[in-house]
Structures are given as C-alpha cells and as structure tokens.
Amino acid sequence: MATNISDHSVLNNGVKMPWLGLGVWKAKDGEEVTGAVRSAIESGYRSIDTAAVYGNEVGVGEGIRQAGIDRDQLFITTKVWNADQGYDSTLKAFDESVKRLGIETLDLYLIHWPVKGKYVETWRALEKLYRDGYVRAIGVSNFHTHHLEDLRQNSEIIPAVNQVEFHPLLTQKELLGYCQENGIQMEAWSPLMQGNLDHPLLVELGQKYGKSPAQIIIRWDLEKKVVTIPKSITPARIAQNADVFDFSLTAEDVEKINALNENKRFGADPDNFNF
C-alpha cells in the first residue's frame with residue numbers, strides 16, 4: 001500500500017519505479033513544461049513521463065536541470081513515436097530523445113503504440129538499448145493482451161511496463177489481470193478522464209474523504225497497484241494531485257468505483273488507430 005510519495009513499484013527486472021509521476025502530454029515546450037516539471041519535483045515527484053511526439057523533451061530536460069536534484073533520484077520516461085518504429089530508426093529516435101532531454105541514461109523507454117508489422121522489430125531495438133545499458137527498463141504503451149502475447153512469443157525480454165488509458169470509466173479488468181499475472185506493471189495515462197470529474201459517485205466520495213474527485217481517482221489507482229501519471233501544468237494542482245498518501249479507500253468504495261466502468265475511451269483504441 002503506497003503511503004508516501006517516495007513509495008515505488010519494483011519492476012520485473014528489479015528497477016524501482018515511483019507509483020506517482022507527472023504526465024506532460026499537451027504541455028507546451030519551453031517555460032510551460034519546464035515550470036510544470038520543476039514544480040512537480042519541488043512537490044516531491046520523482047517520476048516524469050514524456051514522449052517524442054509531445055514535442056517537449058527539451059523543456060522537460062530543462063525543468064529537470066532547474067530542479068537541481070541528483071539525476072539518480074529521478075525516473076524519466078519517454079517513448080518512440082509510430083513514424084520512427086523499426087529497428088534502426090528506433091535506435092536513432094532514442095539517441096535524439098536523450099539528446100533533447102540532456103541525459104545519458106533513460107529510466108524507461110516505451111513503444112508508444114503497437115504499429116502493426118513494426119512493433120516486434122521495434123522491441124528488438126529496445127532490447128538492445130536495455131542490454132547495452134542505455135535504458136534501465138523497457139516497456140510498451142497502449143498494448144492489448146494479444147499484442148503482449150505476440151511480443152512474449154517473439155522476443156526475449158518481457159515488457160516491464162504497459163502504459164494504457166485507465167480510469168473509472170475504463171477499468172481494463174482483463175488486461176490488468178494479465179499484466180499482474182505476467183509481472184508487467186500497469187501504468188495509467190489520462191487517469192483523470194481528461195477533466196471529466198463530475199460523476200456523482202466521485203463527488204460523493206470526495207466529500208466523504210475530504211478530497212477532490214481527482215484525488216479519489218489517483219488513490220483508487222494506487223489501491224489497484226496501478227502506477228499513475230496525472231497531467232497538470234498548474235503548481236497548486238500538481239501539489240494537490242500528490243496529496244493522496246494520507247488516506248486510503250475502503251474495499252467497498254474501491255468496488256463502487258470499479259463498477260463505474262463503461263469501457264469508455266477518451267483516446268484511440270489500440271486495435272483501431274490511424275496515426
């Protein structure tokens with residue numbers, strides 16, 4: 001049970017990954033994302049999640065430097081974009097990402113989407129980066145169970161992480177079960193449903209626990225042993241999102257939130273995307 005912002009999951013290769021991180025999707029490069037990263041680290045966050053396609057890796061790197069804490073205290077994630085998938089092109093994309101970030105070793109490198117006919121070859125490149133010591137852990141994003149099974153049968157290393165859309169309206173029960181049974185850490189993107197927080201149950205539980213609906217969801221993620229990376233660029237909201245370690249939900253309330261599932265996606269279906 002996560003009781004402190006410094007608490008972490010232990011990945012299947014022994015690497016420690018914080019349960020809570022900052023997501024920076026849609027945060028503009030420059031002072032907007034730099035300020036968000038700096039604020040998050042000042043609020044106790046040690047995990048920052050970006051991606052090449054976000055176009056803000058330079059600003060993320062600047063925020064890390066401005067925060068002024070030792071690099072080995074941080075957990076930095078980025079992702080290879082779809083257009084760069086393939087063996088050689090992934091290795092090149094990685095070099096460009098770490099150069100923009102201004103770091104030498106990445107903590108976690110993910111395949112952003114399961115591009116048909118390419119993700120197995122892309123995974124081979126991630127395996128090389130891992131074996132050569134450039135990445136501490138490798139994983140995937142937006143992979144369904146059948147994508148993970150395909151990788152398992154055609155590769156040597158099991159992904160350490162699967163980052164997927166996960167929230168009360170999309171609980172991904174079967175996928176979560178598969179990941180937990182196979183030692184793959186599930187991680188939630190868009191945990192706050194892109195701001196759709198006005199569900200009566202979440203409001204009711206917020207009043208019960210003296211927390212916001214957003215804090216209720218983040219705590220629910222943690223109770224389900226799902227790493228979570230809520231996105232914000234507002235210092236006060238970044239701090240508020242981290243204020244979730246002084247309470248826990250009852251098992252009954254966890255089940256009430258589970259029951260909100262509608263299999264509703266705010267993003268694309270990994271079996272049907274065209275980017």
Side-chain angles (χ1 to χ4, degrees), residues 21-30 32-34 37 48-64 76-132 134-157 159-166 175 184 187-190 194 229 231 265-275:
L22 177 75
V24 298
W25 178 56
K26 287 190 174 179
K28 295 176 184 174
D29 202 22
E32 183 170 285
V33 76
T34 294
V37 170
I48 310 294
D49 178 278
T50 185
V53 76
Y54 298 171
N56 57 20
E57 289 172 319
V58 171
V60 167
E62 182 60 26
I64 291 168
I76 310 302
T77 302
T78 194
K79 313 174 191 78
V80 58
W81 183 237
N82 302 347
D84 293 321
Q85 287 197 36
Y87 187 81
D88 291 333
S89 50
T90 293
L91 297 178
K92 181 181 177 184
F94 172 82
D95 287 342
E96 292 171 349
S97 279
V98 292
K99 189 178 297 181
R100 286 190 292 266
L101 286 163
I103 60 179
E104 294 182 359
T105 304
L106 196 64
D107 297 287
L108 179 63
Y109 198 39
L110 303 178
I111 298 177
H112 208 147
W113 289 85
V115 176
K116 191 173 182 179
K118 286 193 173 182
Y119 64 79
V120 172
E121 186 181 0
T122 301
W123 186 250
R124 283 181 49 240
L126 267 63
E127 288 180 319
K128 175 175 173 54
L129 290 167
Y130 176 70
R131 289 196 185 97
D132 290 350
Y134 293 108
V135 186
R136 297 178 63 230
I138 53 176
V140 296
S141 181
N142 301 302
F143 273 46
H144 283 323
T145 300
H146 70 88
H147 298 123
L148 294 169
E149 272 293 301
D150 191 23
L151 270 193
R152 190 174 68 84
Q153 294 171 18
N154 291 283
S155 60
E156 298 178 18
I157 299 174
V161 172
N162 186 20
Q163 183 185 120
V164 298
E165 184 177 354
F166 177 89
L175 180 60
I184 301 169
E187 181 178 15
W189 64 256
S190 280
Q194 300 183 16
I229 47 169
K231 179 256 178 180
R265 294 182 182 275
F266 292 93
D269 185 334
D271 277 334
N272 184 26
F273 62 96
N274 59 356
F275 44 81

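Side-chain atoms of W25 never come within 3.5 Å of backbone atoms of A51 as a donor-acceptor pair (strictly under, hydrogens ignored). A donor-acceptor contact shorter than 3.5 Å is absent between the side chain of N154 and the backbone of V120. Not one N or O on the side chain of S190 forms a donor-acceptor pair closer than 3.5 Å with the backbone of E165.
By the 4.5 Å heavy-atom criterion applied to side chains, Y109 and T90 are counted as neighbours. Contact annotation: the side chain of F273 approaches that of N82 to within less than 4.5 Å [non-hydrogen atoms, C-beta and beyond]. In this structure, W113 and W81 have side chains that are in contact, with non-hydrogen atoms separated by less than 4.5 Å. In this structure, Y119 and V140 have side chains that are not in contact, with every pair of non-hydrogen atoms separated by 4.5 Å or more. You'll find the side chain of I138 reaches within 4.5 Å of the side chain of E127, heavy atoms only. Annotation: side chain of Q163 is in contact with side chain of D49 (closest heavy-atom distance under 4.5 Å). Here the side chains of L91 and Y87 are in contact, with some heavy-atom distance below 4.5 Å.
Nearest heavy-atom pair, A27 versus V33, reported as atom, atom and distance to 0.1 Å: CB-CG2, 3.8 Å. Listed here is the closest heavy atom pair of P159 and L151: CG-CD1, 3.9 Å. P270 approaches P114 most closely through the heavy-atom pair O-CG, 3.9 Å. Here the closest non-hydrogen pair linking G59 and T34 is O-OG1, 2.8 Å.
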Task: Worked verdict on H112 versus F275 for side chain to side chain contact (heavy atoms under 4.5 Å, CB included) - done: CA-CA 11 Å; H112 208 147; F275 44 81; over 6 Å; no

Open item on the list: Before you tell me yes or no, could you show the steps for D107 and T77 under side chain to side chain contact (heavy atoms under 4.5 Å, CB included), namely the whole-Å CA-CA distance, both residues' side-chain angles and the distance that decides it to 0.1 Å?
Closed with: CA-CA 6 Å; D107 297 287; T77 302; 5.7 Å; no

TODO: Start with the C-alpha gap between T122 and V80, add the side-chain angles, then the distance that decides, and say whether side chain to side chain contact (heavy atoms under 4.5 Å, CB included) holds.
DONE: CA-CA 9 Å; T122 301; V80 58; 4.0 Å; yes

Task: Derivation of the side chain to side chain contact (heavy atoms under 4.5 Å, CB included) call for Y54 and T78 - done: CA-CA 10 Å; Y54 298 171; T78 194; over 6 Å; no

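Annotation: the span from L106 atom CG to L129 atom CG amounts to 9.0 Å, rounded to 0.5 Å. Expressed to the nearest 0.5 Å, how far CD1 of I111 lies from CD of Q85 amounts to 5.5 Å. Rounded to the nearest 0.5 angstrom, I76 CD1 and I64 CD1 are separated by 3.5 Å. The distance from the CD1 atom of I184 to the CG atom of L148 is 4.5 Å, given to the nearest 0.5 Å. The distance from the NZ atom of K99 to the CD atom of E96 is 7.0 Å, given to the nearest 0.5 Å. Note that CG of N56 is 9.0 Å distant from CD of E32, once rounded to the nearest 0.5 Å.
N142 and W189 share a side-chain donor-acceptor pair at under 3.5 Å. Between the side chains of T50 and E57, no donor-acceptor pair is found at a separation under 3.5 Å.
Residues that satisfy the side-chain hydrogen bond (donor to acceptor under 3.5 Å, both in side chains) test with K128, not counting sequence neighbours, are D132. With sequence neighbours excluded, no residue forms a salt bridge (charged side-chain N to carboxylate O under 4.0 Å, His left out) with E121.
Environment of CD in E104: sparse, with no more than 12 heavy atoms of neighbouring residues, nucleotides or ligands closer than 6.0 Å.
Ring geometry, H144 versus H147: the interplanar angle falls under 30°, so the pair is classed parallel (tilted spans 30 to 60°).
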